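Please read the structure below before turning to the comments.
Numbers here simply count residues along the sequence, with the first being 1. Everything numeric here is computed off the predicted structure, so don't read it as measured data.
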Amino acid sequence: MATAPSNIHFSGLAKCLIQQGILTEESAATAVQEAQKNKQPFVTYLVSNKQVDSRTVAMLASTEFGVPLLDLNAVDLSVIPIKLVSEKLIRQHHALPLFKRGNRLFIATADPTNFQALDEIKFHTRLNTENILVEEDKLIKVIESALEAVDTTMGNLLDADLDNIDISGGEERPIEESTSDIDDAPIVRFVNKILLDSIKKGVSDIHLEPFEKKFRIRFRADGILSEIASPPVNISHRIISRIKVMSKMDIAERRVPQDGRIKMQLSKNRAIDFRVNTCPTLFGEKVVMRILDPTSAQLGIEKLGFEPVQQQQFLAAINRPYGMVLVTGPTGSGKTVSLYTGLNLLNSIERNISTAEDPVEITVEGINQVNVNPKAGLTFAEALRAFLRQDPDVIMVGEIRDLETASIAVKAAQTGHLVLSTLHTNDAPQTINRLMQMGIEPFNIVSAVNLIMAQRLARRLCEHCKKEADLPDNVLLSAGFKQEDLGTFKLFEAVGCEHCTNGYKGRVGIYQVLPISEKMRALILSGGNAMQMSELAKAEGINDLRASGLLKARQGITSLEEIDRVTKE
């Protein structure tokens, strides 16, 4: 620690803290020097380095300098005049404009003796400034929240970088700039800002929805939609037209749905694709953009959420030279990420891997990927036929939707190829019944299918704020826990803090992994139904989705409430 200069003169809050015995002269001098070196206010340095308690400083300053202390938790962020002061000044001085009365601007600071902040804000705003004392730790949070909220408004997008993002329409040439109003600078910056914010926040989908008196923009993060902006309704058509231009769509056509794609180059090594769809509604076109991040398939199998036995079973199935591995679950349950995690493990110079998808969501070097195009005659079935003439080792079919696709996939699995695909059913046993309903004979199913995996995605509890849940035994028993297990585990519930969204951050997979055993094959051949298959799977020690979810809750990874949400029948 630096020693205090002998000639240093303490004043203001530093002098007060020394007189009260909260700081020594030496530590106060060091704090003053370090704060100046880091270009931070004195109080900000002390609180961020845990040298003083924020509440203690605020109470002392209020008493000593006769300045009222305001609780920032009671302030409505939506009405503060934050645009009156630049972000640079707010961050530099940790000073936040709270409200304006006539030509007076009231500024929240944690140091009532920081006259430099008031003077600079007065100079730039040409308003008389008055100080309101607040606690530093609360001020930090409120400043971040206020600046983040204003980030997605039209008037504050002045960052020149937003004009220069490398964006192209899918795989085509870069979009051409137009002289029309859909390419005016504020609209361009606003749309670019929305796309960048969605990437930073780990969003999976962006919804832009025009209504009669409102234009709403929502993000889907961790499976849950939330509103993040509501621009003026009279510019909704300009924002949507801008997105259509970026996606290489026909901006004159507003009567039928359209599909497009946007590629955003973030750096030399990272690009994000957006799959864009428009749909005409009563008050304009609704736009939904799915964010396709190639890094999502490079998480590694350990991070997906498999239990050790389930991971071994999945790896054993995809490492067999032939047969079929089916993944089932609703839209947005992570099926594509699971399949691509497997494909990444198989992707080597010795294997010829081809995929047919509608559309390709994750691009991977070394894998031959085909976008099916039914309008042009390129269906899943046609793509599969072409693959089989191209000496394949591994084939991935985006989805088995009809008997023709299912028949070709089964034959490929029977003739020495590994086939991976998805279906839309509720659980693994129902997948077998679905294949039968399509017209696949039971003997073909048992000879082709190696493993069926059902999955859901549950939100992870935030490690910073989750707390132990106190639930009565009757609730635990009705949830599915066994009587003999009660008291041997702890459950946790969501709270919510600055590190998460409503107590959750990220998602984890919940799986039912069903290898087709000899007993299961016999049951299928004898015409067993999905209920009988479920009972046999349970007898063989296979956890269904509910049991896997309860295990995640016991491990403290997620909450019982979240398991109820994703595994509710």
Side-chain angles (χ1 to χ4, degrees), residues 169-172 204-207 220 244 247-250 256-263 271-279 286-294 296-297 324-344 347 353-365 367-390 392 394-413 417-425 431 434-435 438 440 453-455 457:
E171 300 302 319
E172 303 177 39
S204 62
D205 301 89
I206 306 169
H207 293 240
R220 186 183 294 278
K244 290 173 71 175
S247 310
K248 292 293 182 182
M249 295 182 189
D250 181 358
V256 296
Q258 295 188 64
D259 290 298
R261 203 174 179 105
I262 299 170
K263 180 184 284 292
I272 303 290
D273 282 2
F274 296 81
R275 190 181 75 205
V276 186
N277 176 266
T278 67
C279 182
K286 173 175 178 176
V287 176
V288 176
M289 294 187 276
R290 167 66 58 88
I291 300 170
L292 312 174
D293 187 352
S296 63
M324 184 180 284
V325 175
L326 297 174
V327 182
T328 182
T331 301
S333 60
K335 300 187 298 295
T336 302
V337 170
S338 294
L339 284 177
Y340 266 97
T341 300
L343 287 176
N344 274 326
N347 189 10
I353 304 176
S354 298
T355 74
E357 300 167 73
D358 183 20
V360 172
E361 293 191 2
I362 300 168
T363 56
V364 180
E365 189 172 343
I367 296 177
N368 306 288
Q369 298 170 281
V370 174
N371 263 328
V372 300
N373 186 353
K375 290 181 182 177
L378 180 56
T379 61
F380 280 119
E382 285 301 318
L384 269 174
R385 287 193 184 96
F387 291 165
L388 291 173
R389 294 191 289 271
Q390 295 220 329
V394 181
I395 296 171
M396 197 270 268
V397 188
E399 184 183 346
I400 294 177
R401 298 175 179 171
D402 51 50
L403 176 59
E404 185 181 18
T405 306
S407 298
I408 299 171
V410 165
K411 287 173 185 172
H417 309 97
L418 180 65
V419 179
L420 285 69
S421 190
T422 71
L423 282 92
H424 285 284
T425 58
T431 305
R434 176 79 178 114
L435 289 172
M438 281 184 178
I440 304 297
M453 185 170 76
Q455 71 177 82
L457 286 177

field: Distance-minimising heavy-atom pair for Thr355 and Phe387
entry: O-CZ, 3.3 Å
- request: Using a 4.5 Å cut-off on heavy atoms from C-beta on, say whether the side chain of Asn347 contacts that of Ile353.
  value: yes
- prompt: Is there any salt bridge (charged side-chain N to carboxylate O under 4.0 Å, His left out) pair reaching into residues 330-344, and which pairs are they, with sequence neighbours excluded?
  reply: none
- line: Residue set satisfying side chain to side chain contact (heavy atoms under 4.5 Å, CB included) with Leu457, at least two apart, ordered chain then number -> Arg507
query: Atom CD1 in Ile272, atom CG in Leu292: separation rounded to 0.5 Å?
result: 9.0 Å
task: Under the salt bridge (Lys or Arg N to Asp or Glu O under 4.0 Å) rule, collect the residues that match up with Glu399, sequence neighbours excluded.
output: Arg401
message: Under the rule for side-chain hydrogen bond (donor to acceptor under 3.5 Å, both in side chains), what residues qualify as partners of Thr278, not counting sequence neighbours?
response: none
statement: Minimal heavy-atom distance between Val276 and Met289, with the atoms involved, is CG2-CG, 3.8 Å
query: Closest approach of Gln369 and Val360, non-hydrogen atoms and distance?
result: NE2-CG1, 3.4 Å
- line: Output for pair (Ile367 CD1, Ser354 OG), nearest 0.5 Å, gives 9.5 Å
message: Can you list everything that forms a side chain to side chain contact (heavy atoms under 4.5 Å, CB included) with Ala409? Sequence neighbours excluded, please.
response: Met324, Leu384, Ile400, Val419
Between Asn344 and Thr341, a side-chain donor and acceptor under 3.5 Å: no
message: I'd like to know whether Ile440 forms a side-chain contact (heavy atoms from CB on, under 4.5 Å) with Val410, so could you lay out the CA-CA distance, the side-chain angles of the two residues, the decisive distance to 0.1 Å, and finally the verdict.
response: CA-CA 9 Å; Ile440 304 297; Val410 165; 4.2 Å; yes
task: Heavy atoms only: give me the nearest Met396-Leu339 pair and the separation to one decimal.
output: SD-CD1, 4.1 Å
query: About how many Å separate CZ of Arg290 and CG of Asp205, when rounded to the nearest 0.5 Å?
result: 4.0 Å
message: Taking Val372's backbone N and O only, do any of them form a donor-acceptor pair with Glu357's side chain (distance below 3.5 Å, no angle check)?
response: no
task: State which residues pass salt bridge (Lys or Arg N to Asp or Glu O under 4.0 Å) with Arg220; sequence neighbours excluded, sorted by chain then number.
output: none
field: Chi angles and distances behind the side-chain contact (heavy atoms from CB on, under 4.5 Å) call for Leu388, Ile395
entry: CA-CA 9 Å; Leu388 291 173; Ile395 296 171; 3.9 Å; yes
message: List the residues meeting side-chain hydrogen bond (donor to acceptor under 3.5 Å, both in side chains) with Arg434, not counting sequence neighbours, and say none if there are none.
response: none
field: side-chain hydrogen bond (donor to acceptor under 3.5 Å, both in side chains) partners for His424, two or more places apart
entry: none
- prompt: Roughly how far, to the nearest 0.5 Å, is CG of Asp273 from CZ of Arg261?
  reply: 4.5 Å
field: Counterpart residues, side chain to side chain contact (heavy atoms under 4.5 Å, CB included), relative to Glu382 (two or more places apart)
entry: Leu378, Thr379, Arg385
- prompt: Between Thr431, Thr425, Thr422, which is the residue that forms a side-chain contact (heavy atoms from CB on, under 4.5 Å) with Leu326?
  reply: Thr431
message: Distance check, rounded to the nearest 0.5 Å: Ile408 atom CD1 versus Phe380 atom CZ?
response: 12.0 Å
- request: List the atom of Ser338, the atom of Met453, and the distance in Å for their closest heavy-atom pair.
  value: CB-CE, 4.0 Å
- prompt: Are side-chain heavy atoms of Ile262 and Lys248 found at a separation under 4.5 Å?
  reply: no
query: Hey, does the side chain of Gln455 reach the backbone of Gly334 with a donor-acceptor pair shorter than 3.5 angstrom?
result: yes
- prompt: What's the spacing between Leu420 CG and Leu343 CG if we round to 0.5 Å?
  reply: 5.5 Å
query: Taking only residues two or more places apart in sequence, or in another chain, which ones meet Ser421 in a side-chain hydrogen bond (donor to acceptor under 3.5 Å, both in side chains)?
result: none
query: How would you list, by chain and number, every residue that makes a side chain to side chain contact (heavy atoms under 4.5 Å, CB included) with Asp259, sequence neighbours excluded?
result: Asn277
